[in-house]
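Beneath this line is the structure, given in structure tokens, with notes to follow.
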Amino acid sequence: MGDRWYSEAVVYCLDVDTYVDSDGDGIGDLRGLIGRLDYLARLGVTCIWLNPIHPSPNKDDGYDATDFYAVDPRLGTLGDFAELLHQAQNRGIRVIIDLVVNHTSDQHPWFQSARSSPDSPYRDWYVWSDTEPDDRHQGMVFPGEQHETWSYDRTAKAWYYHRFYRFQPDLNIDNPKVREEIKKITSFWLQLGVAGFRMDAVPFIIEQTEPGNPNSPKDFEFLTELRQHVQWRRGDAVLLAEANVEPDQLSVYFGDGGGSSNRIHMLFDFMLNGRLMLALAREDPETIIDALRDTPKLPMGAQWATFLRNHDEIDLSRLTADQRNDVLAAFGPTEEMQLYGRGIRRRLAPMLGNDRRRLELAYALQFSLRGTPVLRYGEEIGMGEDLSLPGREAIRTPMQWSFKPNAGFSTAEEEKLVRPVIDKGEFGYQKVNVTAQRSDPRSLLAWFERMIRTLREAPEIGSGSTSHIDVPAPAGVLAHRADGPTGTMVFLHNLGTDDVEVDLSTLEAEADLPIDVLSDRGYGELGKLGAIKLSGHGYRWIRLCRGQGF
Ligand code: GLC
């Protein structure tokens with residue numbers, strides 16, 4: 001892999017406390033994860049993103065830290081973390097961690113000191129107002145669960161700002177000491193050997209909050225400063241940001257200094273995520289074609305990160321009312337599947353009716369579109385959700401490793417588990433687990449291994465350019481191509497249910513011994529690129545030609 005390793009990476013996101021428990025206390029830990037690195041290496045993952053690992057009261061699954069320089073003792077020690085980095089590196093796997101610095105936990109010593117007195121050295125590390133701000137009830141990220149963004153603190157005798165839950169007071173980015181501290185946090189983890197950060201809530205980090213102004217200005221220069229700092233400390237470190245903003249805003253986050261990205265390297269493609277969900281729901285690729293057409297040209301070094309599901313709900317806020325209704329009707333028809341009407345709290349396998357054909361189609365599509373694919377633990381075996389758990393916990397149940405009690409996740413008594421294991425129905429661990437799938441060459445897991453291997457043999461998918469191909473194709477079929485120095489790949493995905501034929505003859509002149517490198521079934525020799533067969537919900541990845549010298 002070259003310097004821009006992240007363009008050709010396969011990222012796997014996991015939460016240490018639900019992955020695997022090595023000491024039998026019911027909570028997943030770093031030593032457990034170290035023991036599963038071989039599994040991840042075999043899957044073909046090249047980068048792991050760890051959800052927050054810091055000490056935390058865990059009122060928001062660790063996104064509420066009380067110490068940015070330590071590992072939560074529930075998960076292990078800093079020594080275990082260093083060992084994880086070493087062992088991962090031995091297997092060619094990089095590790096990135098969540099950088100959650102928009103806010104701290106209200107239990108963080110900084111906030112405890114800040115609230116205790118106006119003279120505290122930490123007072124100005126947070127955002128205060130002596131009077132009740134007019135925009136107190138605006139800008140909530142969690143409407144339904146959160147009722148205000150300014151809360152009164154009796155100890156401080158002042159109002160403090162919190163974009164998220166009230167126990168997550170926002171840090172004050174206007175304070176140079178806070179800016180320095182954030183850089184110091186990144187230095188610390190880079191020095192230990194992480195390959196970068198998944199930056200949480202970036203649009204809010206850079207918010208220069210003014211009480212009473214729901215549209216406070218943003219300080220994008222901080223992102224330039226941080227990028228520079230991180231890059232000086234480790235040349236190949238990466239920033240992968242969560243910035244769920246309007247598409248025309250995204251380029252400001254990538255930054256452009258003389259044609260090269262000088263802020264965030266990679267942004268999660270939330271817009272594409274919503275459109276993928278819509279396309280799958282309607283069995284119509286139109287919105288993906290729009291997305292491919294509308295994608296702005298990125299500055300050098302900038303990259304999208306694609307995903308189908310993450311650890312949060314599916315956010316439908318960027319779809320129109322009609323579009324949203326179609327996605328909800330297909331994937332989240334009942335209220336318990338929804339999160340206060342703003343999204344869907346389900347995993348992909350149950351959303352697609354556990355239909356293997358549709359699952360393969362969805363992931364083949366995600367992995368063949370421009371950008372770096374991000375997979376969340378459990379997706380590779382088609383795990384389900386537990387809707388009896390509150391909110392987003394439904395999709396955060398322990399990894400299902402085997403037929404053993406607690407899915408082989410932990411040997412603790414059931415009551416001690418960090419979260420219950422799914423043990424009933426179609427998605428119960430008795431039916432869905434790694435051990436069963438590992439011994440079955442036709443399993444979803446085996447398919448993922450094959451698909452990822454194929455992807456790694458076709459670097460133009462991650463680092464080349466991707467475009468829609470306008471060939472005579474029946475409704476429901478998406479045809480697109482990826483071009484790079486290593487060659488050209490052509491992809492056909494049939495979102496519809498009918499078997500069809502796609503006419504690829506216009507590509508014949510470019511084809512140099514075209515072959516299927518991945519497909520839903522054996523279609524026989526390709527030969528000439530005439531009318532190509534494609535099953536309902538089928539897909540074909542075709543290598544059209546190799547680049548010179550490859
Ligand atoms: C991000 C995380 C989410 C968390 C929130 C507050 O949106 O993805 O899980 O609750 O930030 O930190």
Side-chain angles (χ1 to χ4, degrees), residues 11-18 49-68 72 96-108 110-111 126-127 139-149 151 160-171 173 182 185 197-207 209 239-245 253 264 266-271 273-274 305-318 339-340 342-347 374-377 385 389-397 418-419:
V11 181
Y12 184 94
C13 164
L14 69 93
D15 205 345
V16 175
D17 70 359
T18 48
W49 150 31
L50 302 181
N51 289 137
I53 54 168
H54 307 308
S56 160
N58 261 304
K59 286 163 91 176
D60 182 16
D61 216 13
Y63 285 90
D64 47 340
T66 51
D67 182 357
F68 292 107
D72 188 340
I96 65 176
I97 61 170
D98 239 299
L99 180 68
V100 189
V101 290
N102 171 65
H103 47 261
T104 67
S105 158
D106 59 359
Q107 301 305 307
H108 195 295
W110 299 340
F111 188 70
Y126 294 87
V127 185
M140 278 85 71
V141 174
F142 301 128
E145 299 168 78
Q146 183 194 358
H147 306 291
E148 54 186 16
T149 48
S151 292
Y160 68 92
Y161 182 65
H162 54 91
R163 220 358 135 151
F164 295 89
Y165 296 111
R166 66 180 296 152
F167 54 82
Q168 291 168 321
D170 274 41
L171 284 165
I173 195 67
I182 293 175
I185 295 166
F197 304 92
R198 180 267 185 188
M199 278 182 80
D200 189 58
V202 173
F204 305 128
I205 296 181
I206 57 177
E207 204 173 33
T209 313
L239 298 173
L240 162 58
E242 178 197 39
N244 190 354
V245 297
Y253 286 84
I264 301 292
M266 281 207 278
L267 287 170
F268 285 107
D269 200 341
F270 280 94
M271 192 67 191
N273 181 258
T306 65
F307 62 101
L308 288 172
R309 292 296 296 112
N310 62 17
H311 62 292
D312 291 325
E313 73 280 11
I314 300 174
D315 176 20
L316 304 174
S317 62
R318 259 165 247 295
L339 197 65
Y340 301 96
R342 66 171 193 256
I344 300 177
R345 54 182 203 119
R346 301 187 75 192
R347 278 191 176 258
V374 181
L375 202 61
R376 182 150 180 273
Y377 80 93
E385 71 264 345
L389 296 175
R392 292 168 292 168
E393 285 185 26
I395 50 167
R396 298 175 177 176
T397 59
V418 57
R419 221 157 276 146

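Each ligand, and each atom within it, is numbered from 1 in the order the structure gives.
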Subject >> Per-atom contacts, ligand 1 versus His103 - under 4.0 Å to a heavy atom >> reply: 6 (C), 12 (O)
Original post:
What residues form a side chain to side chain donor-acceptor pair (under 3.5 Å) with Thr397, not counting sequence neighbours?
Top reply: none
Original post:
For ligand 1, is any non-hydrogen atom under 4.0 Å from Lys59's backbone (N, CA, C, O), its side chain (CB onward), both, or neither?
Top reply: neither
Subject >> Which residue and heavy atom of the protein sit nearest atom 8 (O) of ligand 1, plus the separation >> reply: Asp312 OD2, 2.5 Å
**OP:** Tell me which one of Asp61, Asp315, Asn102, Asp60 gets a heavy atom nearest to atom 4 (C) of ligand 1.
**Re:** Asp60
Original post:
What atoms of ligand 1 come within less than 4.0 Å of a heavy atom belonging to Glu242?
Top reply: 1 (C), 7 (O), 8 (O)
Original post:
Among the heavy atoms of Arg396, does any lie under 4.0 Å from an atom of ligand 1?
Top reply: yes
Original post:
Side chain, backbone, both or neither: which part of Arg198 comes within less than 4.0 Å of ligand 1 when only heavy atoms are counted?
Top reply: side chain
Original post:
Which bit of Phe142 gets closer than 4.0 Å to ligand 1, counting heavy atoms only: side chain, backbone, both or neither?
Top reply: side chain
Original post:
Considering only protein heavy atoms, which is closest to atom 5 (C) of ligand 1, and at what distance to one decimal place?
Top reply: Phe164 CE2, 3.7 Å
Original post:
Can you find a side-chain donor-acceptor pair between Tyr165 and Glu145 that sits under 3.5 Å?
Top reply: yes
Original post:
Should the ring pair Phe268 and Phe307 be called parallel, tilted or perpendicular, given that the plane angle runs from 0 to 90° and is split at 30 and 60?
Top reply: perpendicular
Original post:
Using 4.0 Å as the upper bound for N to carboxylate O, is an ion pair formed by Glu385 and Arg346?
Top reply: yes
**OP:** Would you check if there is a donor-acceptor pair between the side chains of His108 and Tyr126 at a distance under 3.5 Å?
**Re:** no
Original post:
Does NZ or CZ of Arg347 come closer than 6.0 Å to the centre of the six-membered ring of Tyr377, within 45° of the ring's axis?
Top reply: yes
**OP:** Can you pull out the closest protein heavy atom to atom 12 (O) of ligand 1? Residue, atom name and distance to 0.1 Å, please.
**Re:** Asp200 OD2, 2.9 Å
**OP:** Assess the side chains of Asp64 and Ser56: does a donor N or O sit below 3.5 Å from an acceptor N or O?
**Re:** yes
**OP:** Could you list which atoms of ligand 1 come closer than 4.0 Å to a heavy atom of Arg392?
**Re:** 3 (C), 4 (C), 9 (O), 10 (O)
Original post:
For the atom pair CG (Asn51) and CG (Asp98), what is the distance rounded to the nearest 0.5 Å?
Top reply: 5.5 Å
